[in-house]
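Chain letters run A, B, ... following the sequence lines, proteins first and then strands; every chain starts at 1. Any value given below was found using the heavy atoms of this structure, including those in side chains, with hydrogens, waters and symmetry copies removed.
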Protein chains: 2
Amino acid sequence: MTPRSRPIALDEVSKAIIEQLQEDGRRSYAEIGKAVGLSEAAVRQRVQKLTDAGVMQVVAVTDPMQLGFYRQAMVGIRVTGDSRVIAQKLSDITAVDYVVLTAGSFDILAEIVCENDDELIELLNERIRRIDGVEATETFVYLKLQKQLYNWGTR
Amino acid sequence: MTPRSRPIALDEVSKAIIEQLQEDGRRSYAEIGKAVGLSEAAVRQRVQKLTDAGVMQVVAVTDPMQLGFYRQAMVGIRVTGDSRVIAQKLSDITAVDYVVLTAGSFDILAEIVCENDDELIELLNERIRRIDGVEATETFVYLKLQKQLYNWGTR
DNA sequence: AGTGAAACGACCGTAGA
DNA sequence: TCTACGGTCGTTTCACT
(Lines give C-alpha, C1' and ligand atoms only; values in the text may rest on other atoms or scores of the structure.)
Protein backbone atom coordinates (compact mmCIF):
# COMPACT_ATOMS: atom_id res chain seq x y z
CA MET A 1 0.00 0.00 0.00
CA THR A 2 2.99 2.32 0.11
CA PRO A 3 2.61 5.06 -2.49
CA ARG A 4 5.92 5.67 -4.19
CA SER A 5 7.50 8.57 -5.99
CA ARG A 6 9.72 6.33 -8.10
CA PRO A 7 8.31 3.64 -10.30
CA ILE A 8 8.85 0.06 -9.30
CA ALA A 9 11.10 -1.68 -11.79
CA LEU A 10 9.39 -4.90 -12.82
CA ASP A 11 11.47 -7.73 -14.22
CA GLU A 12 10.15 -10.02 -16.93
CA VAL A 13 9.05 -12.62 -14.40
CA SER A 14 6.85 -10.21 -12.46
CA LYS A 15 5.37 -8.93 -15.70
CA ALA A 16 4.59 -12.52 -16.68
CA ILE A 17 2.94 -13.14 -13.31
CA ILE A 18 0.77 -10.04 -13.72
CA GLU A 19 -0.20 -11.18 -17.22
CA GLN A 20 -1.25 -14.55 -15.84
CA LEU A 21 -3.46 -12.85 -13.27
CA GLN A 22 -4.87 -10.47 -15.86
CA GLU A 23 -6.06 -13.52 -17.78
CA ASP A 24 -7.50 -15.17 -14.68
CA GLY A 25 -7.31 -13.61 -11.26
CA ARG A 26 -8.02 -16.92 -9.52
CA ARG A 27 -5.33 -18.97 -11.22
CA SER A 28 -3.39 -20.89 -8.58
CA TYR A 29 0.13 -19.88 -7.61
CA ALA A 30 1.33 -23.36 -8.52
CA GLU A 31 -0.04 -23.08 -12.04
CA ILE A 32 1.39 -19.59 -12.50
CA GLY A 33 4.71 -20.95 -11.25
CA LYS A 34 4.71 -23.57 -13.99
CA ALA A 35 3.98 -20.94 -16.62
CA VAL A 36 6.70 -18.53 -15.50
CA GLY A 37 9.27 -21.05 -14.28
CA LEU A 38 9.18 -20.37 -10.54
CA SER A 39 8.17 -22.30 -7.44
CA GLU A 40 4.74 -21.82 -5.93
CA ALA A 41 6.20 -20.03 -2.89
CA ALA A 42 8.20 -17.62 -5.01
CA VAL A 43 5.13 -16.67 -7.04
CA ARG A 44 3.19 -16.17 -3.84
CA GLN A 45 5.86 -13.90 -2.39
CA ARG A 46 6.01 -11.82 -5.55
CA VAL A 47 2.24 -11.45 -5.74
CA GLN A 48 2.23 -10.43 -2.08
CA LYS A 49 4.90 -7.81 -2.70
CA LEU A 50 3.23 -6.44 -5.81
CA THR A 51 -0.06 -6.18 -3.96
CA ASP A 52 1.46 -4.60 -0.85
CA ALA A 53 3.38 -2.11 -2.98
CA GLY A 54 0.12 -1.12 -4.66
CA VAL A 55 1.28 -2.11 -8.11
CA MET A 56 -1.47 -4.65 -8.62
CA GLN A 57 -4.81 -5.73 -7.24
CA VAL A 58 -6.92 -8.78 -7.99
CA VAL A 59 -10.60 -7.84 -8.07
CA ALA A 60 -13.94 -8.75 -9.58
CA VAL A 61 -15.16 -6.56 -12.43
CA THR A 62 -18.74 -6.63 -13.66
CA ASP A 63 -20.35 -6.10 -17.03
CA PRO A 64 -22.98 -3.34 -16.79
CA MET A 65 -24.84 -4.63 -19.86
CA GLN A 66 -25.32 -8.07 -18.29
CA LEU A 67 -26.76 -6.40 -15.22
CA GLY A 68 -29.31 -4.39 -17.16
CA PHE A 69 -27.40 -1.12 -17.34
CA TYR A 70 -27.80 -0.49 -21.01
CA ARG A 71 -26.88 3.17 -21.05
CA GLN A 72 -23.45 4.59 -20.34
CA ALA A 73 -22.18 8.09 -20.91
CA MET A 74 -19.24 10.34 -20.17
CA VAL A 75 -20.16 13.76 -18.88
CA GLY A 76 -17.75 16.67 -19.26
CA ILE A 77 -18.36 19.29 -16.58
CA ARG A 78 -17.29 22.92 -16.28
CA VAL A 79 -17.37 24.29 -12.76
CA THR A 80 -16.88 27.41 -10.71
CA GLY A 81 -15.39 27.14 -7.24
CA ASP A 82 -13.62 24.12 -5.82
CA SER A 83 -13.68 21.24 -8.31
CA ARG A 84 -12.64 18.82 -5.55
CA VAL A 85 -15.84 19.51 -3.61
CA ILE A 86 -17.93 18.99 -6.71
CA ALA A 87 -16.02 15.84 -7.65
CA GLN A 88 -16.76 14.47 -4.19
CA LYS A 89 -20.47 15.15 -4.60
CA LEU A 90 -20.42 13.41 -7.97
CA SER A 91 -18.66 10.43 -6.43
CA ASP A 92 -21.51 10.07 -3.97
CA ILE A 93 -23.94 9.32 -6.80
CA THR A 94 -24.23 5.55 -7.22
CA ALA A 95 -24.71 5.71 -10.96
CA VAL A 96 -21.43 7.61 -11.34
CA ASP A 97 -18.66 5.02 -11.48
CA TYR A 98 -15.75 7.18 -12.58
CA VAL A 99 -14.73 10.73 -11.68
CA VAL A 100 -11.52 12.49 -12.67
CA LEU A 101 -10.39 16.10 -12.25
CA THR A 102 -8.94 17.38 -15.50
CA ALA A 103 -7.21 20.32 -17.11
CA GLY A 104 -8.78 21.50 -20.34
CA SER A 105 -12.16 22.76 -21.42
CA PHE A 106 -13.75 20.47 -18.82
CA ASP A 107 -12.75 20.53 -15.16
CA ILE A 108 -14.25 17.15 -14.40
CA LEU A 109 -15.07 14.04 -16.39
CA ALA A 110 -17.63 11.68 -14.90
CA GLU A 111 -18.80 8.37 -16.29
CA ILE A 112 -22.37 7.32 -15.74
CA VAL A 113 -23.81 3.81 -15.77
CA CYS A 114 -27.59 3.61 -15.83
CA GLU A 115 -30.50 1.58 -17.07
CA ASN A 116 -31.90 3.72 -19.84
CA ASP A 117 -32.21 7.18 -21.33
CA ASP A 118 -34.85 8.30 -18.84
CA GLU A 119 -32.55 7.56 -15.96
CA LEU A 120 -29.69 9.36 -17.70
CA ILE A 121 -31.82 12.44 -18.27
CA GLU A 122 -32.96 12.38 -14.68
CA LEU A 123 -29.41 12.06 -13.37
CA LEU A 124 -28.24 14.97 -15.47
CA ASN A 125 -31.12 17.26 -14.58
CA GLU A 126 -31.99 16.29 -11.06
CA ARG A 127 -28.61 15.37 -9.64
CA ILE A 128 -25.60 16.58 -11.58
CA ARG A 129 -26.70 19.99 -12.82
CA ARG A 130 -28.17 20.78 -9.42
CA ILE A 131 -24.80 20.53 -7.71
CA ASP A 132 -23.60 23.97 -6.61
CA GLY A 133 -20.86 25.20 -8.88
CA VAL A 134 -21.73 23.04 -11.88
CA GLU A 135 -21.86 25.61 -14.69
CA ALA A 136 -22.20 23.50 -17.79
CA THR A 137 -22.25 19.85 -18.80
CA GLU A 138 -21.72 18.09 -22.08
CA THR A 139 -22.77 14.48 -22.47
CA PHE A 140 -21.22 11.81 -24.68
CA VAL A 141 -23.48 8.80 -24.87
CA TYR A 142 -21.62 5.53 -25.39
CA LEU A 143 -22.40 3.72 -28.59
CA LYS A 144 -19.79 0.98 -28.40
CA LEU A 145 -16.98 0.22 -26.03
CA GLN A 146 -14.05 -0.78 -28.20
CA LYS A 147 -11.13 -1.32 -25.83
CA GLN A 148 -10.85 -1.51 -22.07
CA LEU A 149 -7.80 -2.41 -20.03
CA TYR A 150 -7.82 -2.50 -16.30
CA ASN A 151 -5.67 0.17 -14.84
CA TRP A 152 -6.24 1.47 -11.44
CA GLY A 153 -5.23 4.61 -9.71
CA THR A 154 -7.65 6.05 -7.18
CA ARG A 155 -6.18 6.74 -3.80
CA MET B 1 -19.83 -16.06 -21.88
CA THR B 2 -23.34 -15.93 -23.33
CA PRO B 3 -24.30 -12.34 -24.20
CA ARG B 4 -27.86 -11.71 -23.14
CA SER B 5 -30.57 -9.34 -24.21
CA ARG B 6 -32.30 -9.50 -20.83
CA PRO B 7 -30.49 -8.61 -17.63
CA ILE B 8 -29.67 -11.41 -15.26
CA ALA B 9 -31.64 -11.02 -12.06
CA LEU B 10 -29.21 -11.23 -9.17
CA ASP B 11 -30.48 -12.13 -5.75
CA GLU B 12 -28.99 -10.62 -2.61
CA VAL B 13 -26.67 -13.56 -2.10
CA SER B 14 -25.08 -13.28 -5.52
CA LYS B 15 -24.68 -9.54 -5.03
CA ALA B 16 -22.97 -10.23 -1.72
CA ILE B 17 -20.63 -12.74 -3.37
CA ILE B 18 -19.69 -10.21 -6.05
CA GLU B 19 -19.04 -7.61 -3.36
CA GLN B 20 -16.73 -10.01 -1.56
CA LEU B 21 -14.77 -10.58 -4.75
CA GLN B 22 -14.67 -6.87 -5.51
CA GLU B 23 -12.92 -6.39 -2.18
CA ASP B 24 -10.49 -9.24 -2.80
CA GLY B 25 -10.57 -11.34 -5.93
CA ARG B 26 -8.53 -14.12 -4.31
CA ARG B 27 -10.70 -14.57 -1.25
CA SER B 28 -11.45 -18.27 -0.79
CA TYR B 29 -14.89 -19.68 -1.54
CA ALA B 30 -15.02 -21.02 2.01
CA GLU B 31 -14.45 -17.58 3.49
CA ILE B 32 -17.00 -16.00 1.17
CA GLY B 33 -19.41 -18.74 2.17
CA LYS B 34 -19.06 -17.78 5.82
CA ALA B 35 -19.70 -14.12 4.98
CA VAL B 36 -22.81 -14.74 2.89
CA GLY B 37 -24.19 -17.77 4.72
CA LEU B 38 -23.67 -20.46 2.11
CA SER B 39 -21.57 -23.59 1.83
CA GLU B 40 -18.26 -23.46 -0.01
CA ALA B 41 -19.57 -25.60 -2.87
CA ALA B 42 -22.61 -23.38 -3.36
CA VAL B 43 -20.47 -20.26 -3.55
CA ARG B 44 -18.20 -21.91 -6.09
CA GLN B 45 -21.16 -22.93 -8.26
CA ARG B 46 -22.55 -19.42 -8.20
CA VAL B 47 -19.21 -17.84 -9.06
CA GLN B 48 -18.84 -20.32 -11.92
CA LYS B 49 -22.29 -19.44 -13.23
CA LEU B 50 -21.74 -15.69 -12.93
CA THR B 51 -18.43 -15.99 -14.74
CA ASP B 52 -19.79 -18.23 -17.49
CA ALA B 53 -22.76 -15.90 -17.98
CA GLY B 54 -20.35 -12.99 -18.44
CA VAL B 55 -21.69 -11.05 -15.49
CA MET B 56 -18.41 -11.00 -13.64
CA GLN B 57 -14.73 -11.60 -14.12
CA VAL B 58 -11.90 -11.81 -11.60
CA VAL B 59 -8.78 -10.13 -12.96
CA ALA B 60 -5.65 -8.27 -11.95
CA VAL B 61 -5.71 -4.50 -12.35
CA THR B 62 -2.56 -2.39 -12.21
CA ASP B 63 -1.83 1.13 -11.01
CA PRO B 64 -0.23 3.17 -13.80
CA MET B 65 1.36 5.60 -11.31
CA GLN B 66 3.19 2.79 -9.52
CA LEU B 67 4.56 1.61 -12.84
CA GLY B 68 5.96 5.00 -13.79
CA PHE B 69 3.09 6.18 -15.99
CA TYR B 70 2.61 9.56 -14.44
CA ARG B 71 0.58 11.14 -17.19
CA GLN B 72 -2.96 10.18 -18.13
CA ALA B 73 -5.37 12.00 -20.39
CA MET B 74 -8.70 11.61 -22.09
CA VAL B 75 -8.75 12.60 -25.74
CA GLY B 76 -11.98 13.60 -27.43
CA ILE B 77 -11.82 12.98 -31.16
CA ARG B 78 -13.94 14.24 -34.04
CA VAL B 79 -13.71 12.15 -37.18
CA THR B 80 -14.82 11.94 -40.77
CA GLY B 81 -15.52 8.55 -42.31
CA ASP B 82 -15.95 5.30 -40.41
CA SER B 83 -15.39 5.84 -36.69
CA ARG B 84 -15.09 2.08 -36.17
CA VAL B 85 -12.02 1.91 -38.37
CA ILE B 86 -10.42 4.81 -36.54
CA ALA B 87 -11.34 3.32 -33.16
CA GLN B 88 -9.62 0.12 -34.19
CA LYS B 89 -6.45 2.00 -35.14
CA LEU B 90 -6.51 3.80 -31.80
CA SER B 91 -6.91 0.47 -30.00
CA ASP B 92 -3.70 -0.74 -31.64
CA ILE B 93 -1.71 1.92 -29.81
CA THR B 94 -0.28 0.43 -26.61
CA ALA B 95 -0.52 3.68 -24.66
CA VAL B 96 -4.26 3.85 -25.40
CA ASP B 97 -6.02 1.76 -22.78
CA TYR B 98 -9.62 2.79 -23.37
CA VAL B 99 -11.57 3.54 -26.54
CA VAL B 100 -15.28 4.19 -26.82
CA LEU B 101 -17.44 5.30 -29.73
CA THR B 102 -19.77 8.09 -28.64
CA ALA B 103 -22.62 10.28 -29.76
CA GLY B 104 -22.11 13.98 -29.08
CA SER B 105 -19.55 16.57 -30.06
CA PHE B 106 -16.89 13.87 -30.02
CA ASP B 107 -17.18 10.66 -32.02
CA ILE B 108 -14.56 8.82 -30.01
CA LEU B 109 -13.14 9.09 -26.51
CA ALA B 110 -9.72 7.54 -25.95
CA GLU B 111 -7.81 7.35 -22.69
CA ILE B 112 -4.04 7.54 -22.80
CA VAL B 113 -1.58 6.26 -20.22
CA CYS B 114 2.00 7.44 -20.67
CA GLU B 115 5.15 8.34 -18.81
CA ASN B 116 5.27 12.10 -19.17
CA ASP B 117 4.17 15.14 -21.14
CA ASP B 118 6.70 14.57 -23.92
CA GLU B 119 5.29 11.14 -24.59
CA LEU B 120 1.76 12.52 -24.53
CA ILE B 121 2.65 15.24 -27.04
CA GLU B 122 4.34 12.70 -29.26
CA LEU B 123 1.37 10.34 -29.13
CA LEU B 124 -1.04 13.10 -30.06
CA ASN B 125 1.05 14.49 -32.89
CA GLU B 126 2.78 11.45 -34.31
CA ARG B 127 0.18 8.77 -33.80
CA ILE B 128 -3.33 9.96 -33.13
CA ARG B 129 -3.65 13.03 -35.33
CA ARG B 130 -1.94 11.19 -38.19
CA ILE B 131 -4.71 8.61 -38.38
CA ASP B 132 -6.76 9.09 -41.57
CA GLY B 133 -10.11 10.67 -40.76
CA VAL B 134 -9.11 12.23 -37.45
CA GLU B 135 -10.31 15.80 -37.90
CA ALA B 136 -9.83 17.34 -34.49
CA THR B 137 -8.78 16.31 -31.00
CA GLU B 138 -9.24 17.85 -27.61
CA THR B 139 -7.16 16.68 -24.68
CA PHE B 140 -8.12 16.56 -21.02
CA VAL B 141 -5.07 15.95 -18.89
CA TYR B 142 -5.84 14.09 -15.67
CA LEU B 143 -5.07 15.99 -12.50
CA LYS B 144 -6.58 13.61 -9.98
CA LEU B 145 -8.53 10.41 -10.23
CA GLN B 146 -11.31 10.66 -7.70
CA LYS B 147 -13.43 7.55 -8.13
CA GLN B 148 -13.00 4.37 -10.09
CA LEU B 149 -15.19 1.29 -10.06
CA TYR B 150 -14.53 -1.72 -12.15
CA ASN B 151 -17.09 -2.24 -14.77
CA TRP B 152 -16.43 -4.14 -17.86
CA GLY B 153 -18.10 -4.29 -21.18
CA THR B 154 -15.88 -4.76 -24.21
CA ARG B 155 -16.89 -7.54 -26.47
C1' DA C 1 -29.96 -25.22 -5.83
C1' DG C 2 -28.38 -26.76 -1.90
C1' DT C 3 -25.43 -29.82 1.87
C1' DG C 4 -21.83 -32.99 3.63
C1' DA C 5 -17.80 -36.00 3.41
C1' DA C 6 -13.48 -37.85 1.67
C1' DA C 7 -9.50 -37.40 -1.50
C1' DC C 8 -6.77 -34.27 -3.48
C1' DG C 9 -4.36 -30.06 -4.30
C1' DA C 10 -3.28 -25.32 -2.92
C1' DC C 11 -1.60 -22.27 0.46
C1' DC C 12 1.26 -20.73 4.24
C1' DG C 13 5.07 -20.49 7.51
C1' DT C 14 9.55 -21.59 8.33
C1' DA C 15 14.23 -23.18 7.44
C1' DG C 16 18.08 -23.09 4.70
C1' DA C 17 20.94 -21.87 0.39
C1' DT D 1 15.05 -13.92 -3.38
C1' DC D 2 14.79 -18.45 -4.26
C1' DT D 3 13.68 -23.71 -3.17
C1' DA D 4 12.08 -27.37 -0.01
C1' DC D 5 8.95 -29.32 3.05
C1' DG D 6 5.10 -30.24 6.39
C1' DG D 7 0.86 -28.71 8.47
C1' DT D 8 -3.39 -26.61 7.55
C1' DC D 9 -6.97 -25.19 4.89
C1' DG D 10 -9.40 -24.85 0.41
C1' DT D 11 -11.18 -27.22 -3.60
C1' DT D 12 -13.18 -30.94 -6.09
C1' DT D 13 -16.12 -34.73 -6.85
C1' DC D 14 -19.90 -37.36 -5.68
C1' DA D 15 -23.85 -39.11 -3.36
C1' DC D 16 -27.88 -37.26 -1.44
C1' DT D 17 -31.78 -33.85 -0.41
[X] has a side chain; which of [options] sits nearest to it?
X: B:Y29; options: D:dT12, D:dT1, C:dC12; answer: D:dT12
X: B:A30; options: D:dT3, D:dG10, D:dC2; answer: D:dG10
X: A:A41; options: C:dG13, C:dG2, C:dC11; answer: C:dG13
X: A:A42; options: D:dT11, D:dT3, C:dA1; answer: D:dT3
X: A:L38; options: D:dC2, C:dC11, C:dA1; answer: D:dC2
X: B:R26; options: D:dG10, D:dC2, C:dC11; answer: C:dC11
X: A:E40; options: D:dT12, C:dA1, C:dC12; answer: C:dC12

Taking atom [atom2] of [N] as reference, at what distance in whole Å does atom [atom1] of [X] sit?
X: B:I32; N: D:dT11; atom1: CD1; atom2: C1'; answer: 13 Å
X: B:L21; N: D:dG10; atom1: CG; atom2: P; answer: 15 Å
X: A:R44; N: C:dG9; atom1: CZ; atom2: C1'; answer: 14 Å
X: A:Q20; N: C:dA10; atom1: CD; atom2: P; answer: 14 Å
X: A:R27; N: D:dG10; atom1: CZ; atom2: P; answer: 22 Å
X: B:L50; N: C:dA1; atom1: CG; atom2: P; answer: 12 Å

State whether a side-chain donor-acceptor pair under 3.5 Å links A:Y29 with A:R46.
-> no
Just checking, is any N or O donor in the side chain of A:S83 or A:D107 under 3.5 Å from an acceptor N or O on the other one?
-> no
Passes salt bridge (Lys or Arg N to Asp or Glu O under 4.0 Å), A:D24 versus A:R26? Steps please.
-> CA-CA 5 Å; A:D24 177 6; A:R26 290 195 74 87; over 6 Å; no
Should the pair B:F106 and A:F140 be assigned to parallel (<30°), tilted (30 to 60°) or perpendicular (>60°) ring geometry?
->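 B:F106 and A:F140: parallel rings.
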Using a cut-off of strictly less than 4.0 Å, decide whether B:R46 has a side-chain nitrogen or oxygen near OP1 or OP2 of C:dG2.
-> yes
If each of A:Q45 and A:K34 is mapped to the nucleotide of DNA chain C with the nearest heavy atom, which maps nearer the 5' terminus, i.e. the 5' end?
->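 Nearest-nucleotide comparison on DNA chain C picks A:K34.
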Has A:E122 got more than 12 heavy atoms of other residues, nucleotides or ligands less than 6.0 Å from its CD?
-> no
Starting from the 5' end of DNA chain D, give me the residue, B:S28 or A:V43, whose nearest nucleotide shows up first.
->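 It is A:V43 whose nearest nucleotide is closer to the 5' end.
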